[in-house]
Amino acid sequence: MLHISDRLKHFDSSQFQEVFRRQQQLKDPIDLSIGIPEELTPDHIKAAGIRAIQNDHTTYTPANGLPELREAICKKLAERNNIHVKASQVSVVPGLTTGLLLLYLAILDPGDEIIVMDPSYPPYEALATAIGAEAMTVLTLPTFHPDVAAIEASITNRTRAIILNTPNNPTGTVYTKEDLVAIARIAERHGIWLISDEIYEHFVYEGEHFSIGSLYPNTITMNGFSKGYAMTGWRLGYIAGPQEVIDAVNQLQQYTVFSSSSIAQHAAIEAMNQPVTSDYKKYQAKRELVVERLTAMGLNVHGAQGAYYVFFQAPFSMTDLEFVDKAVERNVILVPGRAFSSRHGYVRLSYGASMEQLRKGLDILEELIKELGASQQ
Ligand code: PLP
């Protein structure tokens, strides 16, 4: 066997592959595992993409993105997030996740440390470790809100950044402004970056989304078009922050992606001219139903103020895999929490699915929990 990099051992996608494998085996499963919004890309955005092709906007763009798109992003950041940056301080990337890899390459050297919450979006830890940095995890269990004191206690002289995600995947938690300000003060005291992944900013049902980049100038704000505009497959995101870090990301872009898709960028300019795609009320109704039903089943629901996820503890001291297997036997797909966490007792349910699917899935879970309860007695 010829060599495959050891780096790959940091990419444990086995839990998601397993979910995918099970999906394939089931006929018409009720899929409460998906991390995508139920809507499809709206027609006016698709039309802009088609026009871009017809008008031959099919060549490379500047590495950091089309100026018109970066201007639109600046306007949005100023108006909605109170973040004031110049267009040169924005870099358009082919999806937030690829952007994160470029950002890590720009700010982390081997041996450096980054503070990551546990649970969290898997690439935060995996990409850092893969490039030779160390992810120092701080548990947010059981409330899923960040433990500010624990964050400060895990800072060493190798710490370069703290990465935060609010509204959060997988817990749905919306961090409070007080916590974010407290974490920013810590970052300032220790001279480190704050990375803020705000991809779910449009999905908030309780509390308010607060962009810490509005207060702490060494924040690198990351966002994208996947969730708010139902554009997951177009692969487009952006990074905004201090000029030196954006310059570094742009330099890396010149040697890696060259430029994000010209077609997707034209579609995104159109997207930004209109309100976001997701129907907030619909998600709010789904969220209320899920929280109410799971609570009635005797599960403790924390977080779930935003995004479209609930991260709940498997009942009767079962492990995540045991519970997910039982659900799969009844045709419902969930994600085992260990995909996001070092702890193995939690399960992620996504209400990105339609209301109809959700109701069916919740009925089945209710039955399952009743049966499990009966068998315990
Ligand atoms: N950030 C978080 C927290 C996510 O949950 C996801 C997708 O599930 C992404 C980023 C993906 O963003 P993109 O599609 O722009 O790579």
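Remember, it's 1-based here, ligands and their atoms both numbered in the order they're listed. Keep in mind that what you see is a predicted model, and the values were worked out from it rather than measured. Position 1 is the first residue of the sequence, and the numbers go up from there.
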among protein heavy atoms, the one nearest atom 12 (O) of ligand 1 is I199 CD1, 3.4 Å
Fit a plane to each ring of Y121 and Y124, take the angle between them on a 0 to 90° scale, and name the class: parallel (under 30°), tilted (30 to 60°) or perpendicular (over 60°).
perpendicular
Sub-4.0 Å heavy-atom approach of G237 to ligand 1
no
Decide, yes or no, whether a salt bridge links K326 with E322 under the criterion of side-chain N to carboxylate O below 4.0 Å.
no
Going by the 4.0 angstrom heavy-atom rule, the piece of D197 near ligand 1 is side chain
Contact between Y200 and ligand 1, counting heavy atoms under 4.0 Å?
yes
Is the count of non-hydrogen atoms from other residues, nucleotides or ligands lying under 6.0 Å from I4 atom CD1 greater than 12?
no
Between N165 and ligand 1, which part of the residue brings a heavy atom under 4.0 Å of the ligand: side chain, backbone, both or neither?
side chain
Does a salt bridge link E206 with R287, judged by any charged N lying under 4.0 Å from a carboxylate O?
yes
Would you call the rings of F144 and F311 parallel, tilted or perpendicular, where under 30° means parallel and over 60° means perpendicular?
perpendicular
Over 60° means perpendicular and under 30° means parallel, so tell me whether Y175 and H145 are parallel, tilted or perpendicular.
tilted
Among all protein heavy atoms, pick the one closest to atom 15 (O) of ligand 1 and tell me residue, atom and distance.
L96 N, 2.7 Å
Look at ligand 1 and say whether G224 reaches it with a heavy atom at a distance under 4.0 Å.
no
So, does T232 sit close enough to ligand 1 that a heavy atom of it is under 4.0 Å from the ligand?
no
Hey, can you tell me if Y283 and Y308 have their rings parallel, tilted or perpendicular (30° and 60° cut-offs)?
tilted
Which of the numbered atoms in ligand 1 are under 4.0 angstrom from any heavy atom belonging to G95?
15 (O), 16 (O)
Looking only at protein heavy atoms, which one is nearest to atom 8 (O) of ligand 1, and how far off is it?
K227 NZ, 2.8 Å
In this structure, does ligand 1 have an atom that sits under 4.0 Å from one of the heavy atoms of Y124?
yes
Assess the pair F323 and F316: is the distance between their ring centroids shorter than 6.0 Å?
no
Can you list the ligand 1 atoms lying under 4.0 Å from a non-hydrogen atom of R235?
13 (P), 14 (O), 16 (O)
Should the pair D363-K360 be classified as a salt bridge under the 4.0 Å nitrogen-to-oxygen rule?
no
Only heavy atoms of T97, strictly under 4.0 Å: list the atoms of ligand 1 that pass.
11 (C), 12 (O), 13 (P), 16 (O)
Could you find the nearest protein heavy atom to atom 14 (O) of ligand 1 and give me its residue, atom name and distance?
S226 OG, 2.6 Å
